[in-house]
A.B. asks: 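I am attaching a structure below and will ask some questions about it afterwards.
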Amino acid sequence: MGRWAGNVDQGSRVADKLVDNAVRHAKAFPIDGGVVTLRVFGFADTGDLAIEVDDALPRFPGFPQVANLSSEVQGPPKGLWWVAHYRGRLSWDVKRDVTHTVIGKTVQALIPQTWDGVA
């Protein structure tokens, strides 16, 4: 997370949850025994941190429910709830190869640079 001015622990937690979600609920690309790709980069203009994970499942069942989770704690915190908790935005799109064939999906969380901890 290099030069991101936000809370690195928050970014790390969200990255962990995105990768864990891909491993548990999607499938790996059949390269070198199975690959899920993680990318992390910042936006200078907004200060947001983008965390992206690619997997080989070209759909995201239940996305509307996950993307609209409340940031309030309701029971033990788990999974992609952490994106909402840190006031992040979750999105996804299909991933295509160079021939435009759908080969999976990319899930992205945008985490703001500042978070006051107030739900």
Side-chain angles (χ1 to χ4, degrees):
M1 290 176 226
R3 297 180 185 173
W4 185 53
N7 185 315
V8 174
D9 288 336
Q10 293 171 0
S12 297
R13 177 168 295 185
V14 170
D16 168 68
K17 299 307 178 188
L18 286 178
V19 170
D20 183 66
N21 194 69
V23 170
R24 289 176 187 259
H25 303 291
K27 62 182 186 177
F29 292 103
I31 304 166
D32 297 328
V35 173
V36 171
T37 305
L38 169 68
R39 282 181 304 283
V40 180
F41 54 94
F43 290 99
D45 58 338
T46 64
D48 288 349
L49 181 69
I51 305 165
E52 296 181 344
V53 174
D54 296 340
D55 64 59
L57 184 66
R59 60 189 190 285
F60 193 141
F63 177 77
Q65 293 82 13
V66 174
N68 293 307
L69 287 171
S70 167
S71 62
E72 295 178 20
V73 178
Q74 298 174 352
K78 60 182 181 177
L80 297 180
W81 169 84
W82 288 100
V83 176
H85 182 63
Y86 295 137
R87 301 290 192 257
R89 296 180 313 274
L90 192 66
S91 62
W92 77 280
D93 200 358
V94 294
K95 181 172 181 60
R96 298 176 187 273
D97 66 11
V98 295
T99 67
H100 303 286
T101 302
V102 174
I103 59 169
K105 73 175 170 296
T106 299
V107 177
Q108 181 187 71
L110 290 176
I111 306 301
Q113 181 176 313
T114 57
W115 180 75
D116 61 9
V118 177

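What you see is a predicted model; the values in this text were computed from it and never measured. Atoms considered below: every heavy atom in the structure, side chains included; atoms not considered: hydrogens, waters and symmetry mates. Positions are given from 1 along the sequence.
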A.B. asks: Rounded to the nearest 0.5 Å, how far does OG1 of Thr37 lie from CD of Glu52?
C.D. replies: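 Going from CD on Glu52 over to OG1 on Thr37, the span is 10.5 Å.
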A.B. asks: Could you tell me which non-hydrogen atom of Ser70 sits nearest to which non-hydrogen atom of Ala84, and how far apart they are?
C.D. replies: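 Shortest heavy-atom separation between Ser70 and Ala84 comes out as O-CB, 4.0 Å.
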A.B. asks: Between atom CZ of Arg59 and atom CH2 of Trp92, what is the distance when rounded to the nearest 0.5 Å?
C.D. replies: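 Result: 9.0 Å between the selected atoms.
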A.B. asks: So do the side chains of Leu49 and Leu110 get within less than 4.5 Å of each other, counting heavy atoms only?
C.D. replies: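 Contact flag for Leu49/Leu110 side chains = no.
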A.B. asks: For Tyr86 and Val14, which heavy atoms make the closest approach, and how far apart are they?
C.D. replies: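 Smallest interatomic distance, heavy atoms only, reads CD1-CG2, 3.8 Å.
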A.B. asks: Taking everything shown except Arg39 itself, do over 12 heavy atoms lie less than 6.0 Å from its CZ?
C.D. replies: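 For Arg39, atom CZ is crowded (more than 12 foreign heavy atoms under 6.0 Å).
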A.B. asks: Taking the side chain as C-beta and beyond, is there a heavy-atom pair between Pro58 and Lys95 under 4.5 Å?
C.D. replies: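 Not touching, per the 4.5 Å side-chain cut-off.
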A.B. asks: Where do Ser71 and His85 come nearest, in terms of heavy atoms and distance?
C.D. replies: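 What the structure gives for the nearest pair is O-ND1, 3.4 Å.
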A.B. asks: Taking ring-ring contact (aromatic ring centres under 6.0 Å, His included) as the cut-off, I'd like each qualifying pair that reaches into residues 36-59, sequence neighbours left out, listed once.
C.D. replies: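 Non-adjacent pairs meeting ring-ring contact (aromatic ring centres under 6.0 Å, His included): Phe41-Phe43.
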A.B. asks: Hydrogens and angles aside, do Thr106 and Asp93 bring a side-chain donor and acceptor to less than 3.5 Å of each other?
C.D. replies: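 Per modelled atom types, Thr106 and Asp93 side chains form no pair under 3.5 Å.
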A.B. asks: What pair of heavy atoms forms the shortest contact from Val53 to Ala22, and how long is it?
C.D. replies: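 Between these two residues, the closest heavy atoms are CG1-CB, 3.8 Å.
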A.B. asks: Got Asn21 and Val107 here, is their nearest side-chain heavy-atom distance under 4.5 Å?
C.D. replies: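 The answer is no; the side chains never approach within 4.5 Å.
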A.B. asks: Evaluate the side-chain proximity of Asp16 to Leu18: yes if any heavy-atom separation is below 4.5 Å, no if none is.
C.D. replies: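 Answer no - side chains too far apart.
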A.B. asks: Please report the shortest heavy-atom distance between Ala56 and Ala28, naming the atom on each side.
C.D. replies: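 Of all heavy-atom pairs spanning Ala56 and Ala28, the closest is CB-O, 3.6 Å.
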A.B. asks: Would the distance check show the side chain of Lys17 and the main-chain N or O of Gly79 forming a donor-acceptor pair, the cut-off being under 3.5 Å?
C.D. replies: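 No; judged by distance alone, with no hydrogens or angles, the pair does not exist.
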A.B. asks: Between Trp81 and Val66 (side chain of the first, backbone of the second, donor and acceptor by atom type, cut-off under 3.5 Å), is there such a pair?
C.D. replies: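 Checking the backbone N and O of Val66 against the side chain of Trp81, no donor-acceptor pair under 3.5 Å is found.
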A.B. asks: Check the side chains of Arg96 and Thr101 for a donor-acceptor pair under 3.5 angstrom, ignoring hydrogens and angles.
C.D. replies: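 No, no side-chain donor-acceptor pair sits under 3.5 Å.
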A.B. asks: Can you confirm whether Asp48 sits close enough to Ile111 that some side-chain heavy atom of one is under 4.5 Å from a side-chain heavy atom of the other?
C.D. replies: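 The answer is no; the side chains never approach within 4.5 Å.
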A.B. asks: In terms of hydrophobic clustering (I, L, V, M, F, W, Y; side-chain heavy atoms under 4.5 Å; direct or indirect links), are Phe63 and Val102 co-clustered?
C.D. replies: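 Both belong to a single hydrophobic cluster.
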A.B. asks: If you define the side chain from C-beta out and look only at heavy atoms, does anything of Val40 sit under 4.5 Å from Trp4?
C.D. replies: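 With C-beta onward as the side chain, the pair stays apart.
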A.B. asks: Could you please spell out the steps behind the salt bridge (charged side-chain N to carboxylate O under 4.0 Å, His left out) verdict for Asp20 and Arg24?
C.D. replies: CA-CA 6 Å; Asp20 183 66; Arg24 289 176 187 259; 2.8 Å; yes
A.B. asks: Using the rule that two of Ile, Leu, Val, Met, Phe, Trp, Tyr join whenever any of their side-chain heavy atoms come within less than 4.5 Å, decide whether Phe29 and Val94 are in one cluster.
C.D. replies: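 No.
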A.B. asks: Are side-chain heavy atoms of His25 and Phe60 found at a separation under 4.5 Å?
C.D. replies: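 No, every pair of side-chain atoms sits at 4.5 Å or beyond.
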A.B. asks: When you look at Asp54 and Lys105, which way does the salt bridge (charged side-chain N to carboxylate O under 4.0 Å, His left out) test go after all the steps?
C.D. replies: CA-CA 6 Å; Asp54 296 340; Lys105 73 175 170 296; over 6 Å; no
A.B. asks: Could you pull out the closest heavy-atom pair between Val23 and Val36, with the gap in Å?
C.D. replies: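 So the minimum-distance heavy-atom pair works out to CG2-CG2, 4.5 Å.
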